[in-house]
Amino acid sequence: MVDIENGSGYLFTAESAKGRAAYKLYASSVLAGILLIWFYRATHIPLEGRWAWLGLFGAEIWFGFYWFVTQSARWNPIYYRTHKDKLSQRFGAQLPKVDIFVCTADPFAEPPSLVMSTILSLMAYDYEPEKLSIYLSDDAGSILTFYALWEASCFAKHWLPYCKKFKMEPRSPMAYFSTPCKDNNNSNYNEWSSMKKLFEDMTSRIERVVSLGKIPEEFKEQKRVSKWNAEMTSRNHRPIVQIMIDGRDQTATDLDGNPLPTLVYVAREKHPQHHHNFKAGAMNALIRVSSYVQIRVSSEISNAPIILNVDCDMYSNNSASIKDALCFFLDKRSHDVAYVQYPQFFHNITKNDLYANSLNVIGMVEISGFDIWGGPAYVGTGCFHRRESLCGKKYSGDYNEDWIRSEEIKHQENTSTLEGRAESLITCIYENNTLWGKEVGLKYGFPVEDIITGLTIQCKGWRSICHNPSRKGFLGMAPTTLEQTLVQHKRWGEGNFQISLSKHCPIIQGHGKIKLGLQFAYSIYGLWAPNSLPTFYYLIVPPLCLLKGISLFPKVSSPWFTTFAYVIVAKNTYAAAESLLCGDTFSGWWNSQRMWVYKRLTSYLYGVSDTIIKLLGFSKSSFTITSKVADGDESKRYENEVMEFGSSSPMFRIIATIAVLNLGCLLGGVMRLLVYEGVARLNDYFAQLILCGSMVAINVPVYGAMFFRKDKGRIPPSITFASLCLAMATCLVQIV
Ligand SMILES: *[C@@H]1O[C@H](CO)[C@@H](O)[C@H](O)[C@H]1NC(C)=O
Ligand SMILES: CC(=O)N[C@H]1CO[C@H](CO)[C@@H](O)[C@@H]1O
């Protein structure tokens, strides 16, 4: 390969984040503060409240340690820019093929009309359609999803030329038509509205079919549906591969006569007696089917295609993403890049992000921070993989992928033979006694298999890249109720914690294979869950001690107080600034503080206890799909940023009890000062009052939901009553 201009033939440039020297100075000062706090705790153990003090000391050791771990991702974030123009200058038409995998599992929790918008946005990538194949894995094996895919393949014939003509973004029709037409030109407007009509008609047909639960008679007459029969259920069905649009077929063109991307429907076999390994199993089935179909359909082997994997609710918001990702794979400096991960962002976050779902700080700072240590974790969606590394290949120094080699395959099969052969690759027993799920493909056996898969790839010598262009590559859908958010975080926190306790712990598996910084960076998420215990302690014991009249922090007049104050103020000011710089609002940051507390008190606490129960061998891991549908009132409350409780989840009981407890202790503590001990003792209790007071401030929406709201989203009276009793009993026990 030849450099186009002197030395600037690179396809991407990397830059460090700004202000690193200042950051390192700041971080060192916080570290000094933490060490001083530990020293103070160790040297000032009081007689009264000795155990409370030691517990607090333990919690602070944990927090300090965890803070240190999080520094790995902030030490030196790296940001990339790509030069796509050079890609076409250099490679012209000789770009590699790309397979796109979309997994869906349930036509009722993940409405097919939503999934089809995602598929259409992927079909409309700015990339040669002959080189693009899209595979939809439908784990439910539902004919409804199949019908929807057929509708989408018909609509694509109109949609793709339209996207090409107007070069518009985003190319998910649902997202595109959710805003009014921006074009003033009359004929363009007419085209826009007739396209919108086509789309709405398609969506309503799909929705009708899904709500009726059966496909129209006309569709039944097609030969395609002969693979379904009445006995099939989502847990018990034969393997099905249906090539909806065949890349070989000269007649499969859009309205302008241009070829369409290959589109394949895949439902792997399911049988109640065989474990299906959730999404990892579906992904591995797709890897096999696609490599088979690839070869046969295109009559040539491109020996190393790229695989893009996206969640079914995550549409492409940037039609240039494939070319962006290829800039990394094809650059001569990055033969060792195994995957390019786009951070997760969401399209339906409200202004102040009540449930802190935006993940802005993770996406813009933390994941980029992984890059100097070897690159980000694989998070299971929005990720371009090199097929070879995903299939278990080790990286060696002289590895050099030959992207454009191709070979003729002698015999061609007709479509139904091809489908039949592909189906034999996705039966329940196919993987028995093979390395699938162990050495090849995604790993089995953990709820967050993506993370282990990425880690294993990195341990084989590969590197990864986090790419975060200003126009986001992919936008998904965030949970819209408190309960969904907490359940999702329970899954994440628990899954990552299980990894930390297994042989895949980044510190153990990565030892000697990846950098120490990366081991720490992975641990940020691996240790989310255990944060719950010290937080729980911190939010119960100091308030109770305040009530009882035991001081656990230095007096305001003592110089040690300054140390505590410095660490708390510096850390939170920095975190708020970071969050604002990533595009959150100030209330958004405040909301995220609240969620930070709630997640630790509930999701992560459950995560820890369930992990321990599992370790003791009492129950098996399960996977719950977060639902993507909400009823009318609920959506309205979400849009108005009113917290949604509504159900009597045990998680809300914990939140409500701690909220009431802190309020009670604050009032009790203030009364003790005013009535018994005199305001002069404020000196002793100041820090505890502030701690308790900020908990009360954070919990304002909870008090509202307990005592003032009347709507269906309030905290149910039974929970209010139970938590009041529990909190009062705890306080009484303390005082008496
Ligand atoms: C998504 O794409 C649209 C249209 O190009 C753009 O205006 C918007 O900023 C993008 N969204 C994000 C979050 O980048
Ligand atoms: C606030 C917001 O953008 N909400 C949207 C979330 O996504 C659903 C489905 O696409 C929309 O209907 C909401 O308006």
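All values derive from a computational prediction rather than experimental measurement. All ligand and atom numbering here is 1-based and tracks the order in the structure.
Aromatic rings of Phe199 and Tyr176 (six-membered ring for Trp) have centroids beyond the 6.0 Å cut-off, not under it.
There is no side-chain donor-acceptor pair under 3.5 Å between Tyr604 and Asn531.
Looking at Asp201 and Lys197, a side-chain N of the basic residue comes within less than 4.0 Å of a carboxylate O on the acidic one, giving a salt bridge.
Heavy-atom minimum distance, Arg463 versus Arg333: NH2-O, 3.5 Å.
Classified by interplanar angle (parallel below 30°, tilted 30° to 60°, perpendicular above 60°), the ring pair Tyr147/Trp150 is tilted.
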May I have every N or O pair linking ligand 1 to the protein at under 3.5 Å, one per line with atom names and distance?
| residue | atom | partner | partner atom | Å |
| --- | --- | --- | --- | --- |
| ligand 1 | 2 (O) | Asn317 | OD1 | 3.0 |
| ligand 1 | 2 (O) | Asn317 | ND2 | 2.4 |
| ligand 1 | 5 (O) | Arg471 | NE | 3.2 |
| ligand 1 | 11 (N) | Asn317 | ND2 | 2.9 |
| ligand 1 | 14 (O) | Lys472 | N | 3.0 |

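A 4.5 Å side-chain heavy-atom check between Ser316 and Arg171 finds every atom pair outside the cut-off.
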